[in-house]
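These notes concern the structure reproduced below.
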Protein chains: 2
Amino acid sequence: MKVYEKNPPACECEEVHADIVEKRRDEMPDQSTLYDLSDFFKILGDSTRMSILYAIDGGSMCVCDIAALLGMTKSAVSHQLKILRQSDLVTYRKTGKNVFYALADDHVRDIIEKALEHIKE
Amino acid sequence: MKVYEKNPPACECEEVHADIVEKRRDEMPDQSTLYDLSDFFKILGDSTRMSILYAIDGGSMCVCDIAALLGMTKSAVSHQLKILRQSDLVTYRKTGKNVFYALADDHVRDIIEKALEHIKE
DNA sequence: ACTACAGTTGAACAACTGTTCAACTGTAGT
DNA sequence: ACTACAGTTGAACAGTTGTTCAACTGTAGT
């Protein structure tokens with residue numbers, strides 16, 4: 001939402017270390033990269049979605065079973081699965097009346113694993 | 001918020017694969033672990049906080065300069081720094097009128113780096 | 001064709017989150 | 001003691017987010 005510019009308007013500071021600020025500005029990633037990054041983490045920043053990811057970590061599961069496991073309605077789970085789908089974190093496969101969801105790749109597993117290490121300290 | 005139980009109340013499914021669900025239930029992490037994990041990612045899931053982390057990645061900065069760099073008010077930055085402090089993602093050091101913030105450790109850097117790899121695909 | 005059920009979807013609602021604003025604390029300089 | 005300014009803080013507000021509810025789609029079985 002916020003966009004930082006060459007001559008930031010909102011800063012009311014007097015004693016700015018202009019040289020440092022300018023140097024850092026060059027080193028900062030693109031605005032879009034920062035948004036992509038925080039958007040990615042936003043997906044993982046919900047306990048329901050985190051639970052779903054762990055549930056299907058051991059193998060694909062249908063919506064019904066995920067809902068049963070988490071003690072939630074199919075609707076609530078389906079809404080969250082949609083978000084996970086749109087972020088390409090999960091894949092799905094229709095077989096008859098069921099839709100089976102699975103983890104899309106190992107990247108996410110690694111990231112969550114690293115975060116777990118960080119937390120346990 | 002949601003707590004899953006041995007006999008989930010909210011699931012209205014008929015065709016549940018009970019054996020799979022029970023097996024997964026045993027393999028699931030503790031409820032508290034899931035919350036800690038998603039809470040951690042929640043912190044990284046905001047572009048302002050992500051920007052701040054990148055800003056101080058190159059070395060400690062005072063609140064004023066961070067605000068100038070991001071084009072935000074000191075107040076807004078300070079509020080986010082408080083959250084980052086409470087999560088032990090940053091450290092701070094007072095010198096005179098300024099407060100310099102720095103990254104707490106390398107863990108976070110690694111996680112963000114891994115997420116970046118994931119995004120660029 | 002009809003019924004049953006897994007899954008999806010949009011609207012509505014409540015809870016949460018980030019920024020703004022104004023008031024405040026504390027340090028430095030005069 | 002006074003002024004100036006960096007930084008913090010709580011309340012208020014607007015925007016966002018997750019769950020619920022009800023209606024819907026599509027497939028399987030009869």
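Order of the sequence lines fixes the chain letters, A, B, ..., with proteins taken first and strands second; residue numbering starts at 1 for each chain.
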>> If you apply the rule side-chain contact (heavy atoms from CB on, under 4.5 Å), what do you find for Arg25(A) with Val21(A), and how did you get there?
In response: CA-CA 6 Å; Arg25(A) 200 189 304 280; Val21(A) 173; 3.6 Å; yes

>> Please pick, from dG18(D), dT9(D), dT19(C), the nucleotide with the shortest atom-to-atom distance to any side-chain atom of Met72(B).
In response: dT19(C)

>> It should be established whether Gln80(B) places a side-chain nitrogen or oxygen under 4.0 Å from OP1 or OP2 of nucleotide dT17(C).
In response: no

> Below 4.0 angstrom from OP1 or OP2 of dA6(D), is there any side-chain N or O of Lys74(B)?
Replying inline: yes

> For Lys94(B) and dT25(C), what is the distance between atoms NZ and P respectively, to the nearest whole Å?
Replying inline: 13 Å

> Where the side chain of Arg49(A) meets the backbone of Lys42(A), is there a donor-acceptor pair that is under 3.5 Å apart?
Replying inline: yes

>> Could you go through Val108(B) and Leu103(B), starting from their C-alpha distance and side-chain angles, then the distance that decides it, and tell me whether this counts as side-chain contact (heavy atoms from CB on, under 4.5 Å)?
In response: CA-CA 8 Å; Val108(B) 185; Leu103(B) 285 186; 5.7 Å; no

> Rounded to whole angstroms, how far apart are CG on Leu81(A) and C1' on dT19(D)?
Replying inline: 14 Å

>> What's Tyr92(A) touching, base or sugar-phosphate or nothing? Going by heavy atoms closer than 4.0 Å.
In response: nothing

> Could you give the CG-to-P distance, from Asp65(B) to dG7(D), as a whole number of Å?
Replying inline: 8 Å

> Between Tyr101(A) and dT8(C), does any side-chain N or O lie under 4.0 Å from OP1 or OP2?
Replying inline: yes

> Rounded to the Å, how far apart are Arg93(B) CZ and dT27(C) P?
Replying inline: 16 Å

>> Quick check: any donor-acceptor pair below 3.5 Å linking the side-chain of Ser75(B) to the base of dC21(C)?
In response: yes

> OP1 or OP2 of dG10(D) less than 4.0 angstrom from a side-chain nitrogen or oxygen of Lys82(B), does that happen here?
Replying inline: yes

>> Working note: Tyr101(A) + Arg85(A), criterion side-chain hydrogen bond (donor to acceptor under 3.5 Å, both in side chains); need CA distance, chi angles, decisive distance, verdict.
In response: CA-CA 9 Å; Tyr101(A) 283 86; Arg85(A) 241 186 297 140; 3.3 Å; yes

> Considering every strand shown, what is the Watson-Crick or G-U wobble mate of dG18(D) when both distances are under 3.5 Å?
Replying inline: dC13(C)

> Whole-Å distance between dT16(D) P and Tyr35(A) OH?
Replying inline: 12 Å

>> In whole Å, I'd like the distance from the CD1 atom of Ile66(A) to the C1' atom of dA6(C).
In response: 12 Å

> If you check the Asn98(B) side chain, which of dA6(D), dG26(C), dT9(D) turns out closest?
Replying inline: dA6(D)

> Of all the choices, dT9(D), dT19(D), dG26(C), which nucleotide is nearest to the side chain of Thr48(A) once you look at every atom?
Replying inline: dT19(D)

> If you check the Lys97(B) side chain, which of dG7(D), dA28(C), dT17(D) turns out closest?
Replying inline: dA28(C)

>> Whole angstroms only, please: what is the CD1-C1' distance between Ile83(A) and dT9(C)?
In response: 13 Å

>> Need to verify one output field. Residue with the more 5' nearest nucleotide on DNA chain D, Asp46(A) or Ala76(B)?
In response: Ala76(B)

> Picking from dT8(D), dA4(D), dG7(D), which would you name as closest to the side chain of Cys62(B)?
Replying inline: dG7(D)

>> Can you identify which nucleotide, out of dT19(D), dT19(C), dG7(C), has its nearest atom closest to the Cys64(A) side chain?
In response: dG7(C)

>> Within a 6.0 Å radius of atom CZ on Phe100(B), are there more than 12 heavy atoms belonging to other residues, nucleotides or ligands?
In response: yes

>> Is it the case that the base of dT17(C) and the side chain of His79(B) share a donor-acceptor contact (distance under 3.5 Å, atom types as modelled)?
In response: no

> Okay, side chain of Asn98(A), backbone of Cys62(A): is any donor-acceptor separation there less than 3.5 Å?
Replying inline: no

>> Starting the side chain at C-beta, find the nucleotide from dT19(C), dG26(D), dT20(D) nearest to Thr73(A).
In response: dT20(D)

>> What is the distance, to the nearest angstrom, from the NZ atom on Lys42(B) to the P atom on dT16(D)?
In response: 18 Å

>> Can you tell me the base-pairing partner of dG29(C)? Count Watson-Crick or G-U wobble geometry only, both distances below 3.5 Å, and say none if there is no partner.
In response: dC2(D)

>> When both hydrogen-bonding distances must be under 3.5 Å and the geometry is Watson-Crick or G-U wobble, what is dC24(C) paired with, if anything?
In response: dG7(D)

